[in-house]
Chemist: 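Attaching a single structure in C-alpha coordinates format; questions to follow.
Every heavy atom of this structure was used, including side-chain atoms; hydrogens, water molecules and symmetry mates were not. Values in this document were obtained by computation on a predicted structure and should not be read as measured data.
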Amino acid sequence: MRGFRSLGVARPDAQGQWQFLGVLPLFDPPREDSKATIATARQMGVNVKMVTGDQFAIARQGAGRWPAPARERGVTRNVLTSRMIR
(Lines give C-alpha, C1' and ligand atoms only; values in the text may rest on other atoms or scores of the structure.)
Protein backbone atom coordinates (compact mmCIF):
# COMPACT_ATOMS: atom_id res chain seq x y z
CA MET A 1 0.00 0.00 0.00
CA ARG A 2 1.41 3.42 -0.89
CA GLY A 3 -0.01 6.80 -0.04
CA PHE A 4 0.71 10.35 -1.07
CA ARG A 5 -0.92 13.61 -0.27
CA SER A 6 -2.13 15.04 -3.53
CA LEU A 7 -3.30 18.32 -4.97
CA GLY A 8 -5.75 18.66 -7.84
CA VAL A 9 -4.90 21.41 -10.31
CA ALA A 10 -7.35 23.35 -12.48
CA ARG A 11 -7.60 26.71 -14.21
CA PRO A 12 -10.37 28.64 -15.94
CA ASP A 13 -10.62 28.55 -19.71
CA ALA A 14 -11.48 31.55 -21.91
CA GLN A 15 -15.18 31.23 -20.95
CA GLY A 16 -14.39 31.12 -17.23
CA GLN A 17 -15.15 27.40 -16.87
CA TRP A 18 -12.74 25.50 -14.67
CA GLN A 19 -10.77 22.82 -16.51
CA PHE A 20 -9.12 20.01 -14.55
CA LEU A 21 -5.42 19.75 -15.46
CA GLY A 22 -4.23 16.88 -13.29
CA VAL A 23 -3.10 15.71 -9.87
CA LEU A 24 0.23 16.46 -8.24
CA PRO A 25 1.55 13.93 -5.69
CA LEU A 26 3.19 15.67 -2.72
CA PHE A 27 6.17 14.24 -0.85
CA ASP A 28 6.10 15.40 2.77
CA PRO A 29 9.01 13.81 4.68
CA PRO A 30 9.69 14.39 8.38
CA ARG A 31 11.59 17.57 9.20
CA GLU A 32 15.37 17.42 9.58
CA ASP A 33 15.16 18.21 13.33
CA SER A 34 12.52 15.55 14.10
CA LYS A 35 14.95 12.98 15.53
CA ALA A 36 16.50 15.44 17.98
CA THR A 37 13.10 16.79 19.00
CA ILE A 38 11.72 13.29 19.62
CA ALA A 39 14.86 12.26 21.54
CA THR A 40 14.66 15.37 23.75
CA ALA A 41 10.99 14.78 24.47
CA ARG A 42 11.69 11.13 25.39
CA GLN A 43 14.55 12.19 27.70
CA MET A 44 12.03 14.45 29.44
CA GLY A 45 9.70 11.48 29.98
CA VAL A 46 7.28 12.28 27.18
CA ASN A 47 5.78 9.31 25.35
CA VAL A 48 5.72 10.72 21.82
CA LYS A 49 2.74 9.99 19.54
CA MET A 50 1.64 11.55 16.28
CA VAL A 51 -2.02 12.04 15.47
CA THR A 52 -3.03 12.75 11.89
CA GLY A 53 -6.20 13.07 9.91
CA ASP A 54 -4.54 11.41 6.93
CA GLN A 55 -5.74 8.21 5.37
CA PHE A 56 -4.01 5.07 6.71
CA ALA A 57 -1.80 4.65 3.62
CA ILE A 58 -0.52 8.22 3.86
CA ALA A 59 0.13 7.96 7.60
CA ARG A 60 1.96 4.69 7.07
CA GLN A 61 4.20 6.27 4.44
CA GLY A 62 5.05 9.14 6.75
CA ALA A 63 5.68 6.79 9.66
CA GLY A 64 8.68 5.09 8.20
CA ARG A 65 7.82 3.18 5.07
CA TRP A 66 9.85 5.63 3.03
CA PRO A 67 13.49 4.66 2.97
CA ALA A 68 15.89 5.91 5.61
CA PRO A 69 14.75 9.56 6.02
CA ALA A 70 11.82 8.86 8.35
CA ARG A 71 13.61 6.18 10.38
CA GLU A 72 16.73 8.34 10.67
CA ARG A 73 14.56 11.04 12.19
CA GLY A 74 13.17 8.74 14.87
CA VAL A 75 9.78 8.07 13.29
CA THR A 76 8.67 4.43 13.62
CA ARG A 77 6.29 2.26 11.61
CA ASN A 78 3.76 1.73 14.39
CA VAL A 79 0.55 3.10 12.85
CA LEU A 80 -2.90 2.45 14.34
CA THR A 81 -6.28 3.40 12.92
CA SER A 82 -8.98 4.85 15.17
CA ARG A 83 -10.75 1.48 15.10
CA MET A 84 -7.63 -0.20 16.49
CA ILE A 85 -7.47 2.04 19.57
CA ARG A 86 -11.14 2.03 20.61
Side-chain angles (χ1 to χ4, degrees):
M1 188 179 325
R2 193 169 169 110
F4 287 96
R5 287 186 172 96
S6 56
L7 179 67
V9 181
R11 69 175 180 193
D13 61 17
Q15 291 77 37
Q17 298 294 314
W18 285 95
Q19 300 298 313
F20 177 73
L21 300 176
V23 177
L24 300 173
L26 303 175
F27 180 68
D28 188 16
R31 290 173 33 146
E32 291 292 329
D33 61 351
S34 296
K35 186 174 184 176
T37 302
I38 291 168
T40 299
R42 286 181 175 152
Q43 288 173 353
M44 297 172 70
V46 176
N47 190 358
V48 178
K49 305 290 184 206
M50 180 180 83
V51 177
T52 179
D54 288 332
Q55 293 292 327
F56 181 79
I58 296 170
R60 184 81 177 183
Q61 287 287 113
R65 292 200 48 139
W66 280 312
R71 288 189 302 270
E72 289 173 1
R73 294 187 181 111
V75 178
T76 67
R77 297 175 187 230
N78 188 16
V79 176
L80 304 174
T81 67
S82 59
R83 289 184 180 140
M84 298 166 127
I85 58 175
R86 287 185 185 177

Chemist: Using the side chain to side chain contact (heavy atoms under 4.5 Å, CB included) criterion, which residues pair with Leu21? Sequence neighbours excluded.
Modeler: Val9, Arg11

Chemist: To check you understand the geometry: which heavy-atom pair defines the closest contact between Val23 and Ser6, and what is its length?
Modeler: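 Heavy-atom minimum between the residues: CG1-CB, 3.6 Å.
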
Chemist: Checking Ala10 now: which residues fulfil side chain to side chain contact (heavy atoms under 4.5 Å, CB included) with it, not counting sequence neighbours?
Modeler: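 In terms of side chain to side chain contact (heavy atoms under 4.5 Å, CB included), with neighbours along the sequence ignored, Ala10 is linked to Trp18.
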
Chemist: Partners of Gln19 by side chain to side chain contact (heavy atoms under 4.5 Å, CB included), sequence neighbours excluded?
Modeler: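 Counting only residues at least two positions away or on another chain, Gln19 forms a side chain to side chain contact (heavy atoms under 4.5 Å, CB included) with Asp13, Gln17.
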
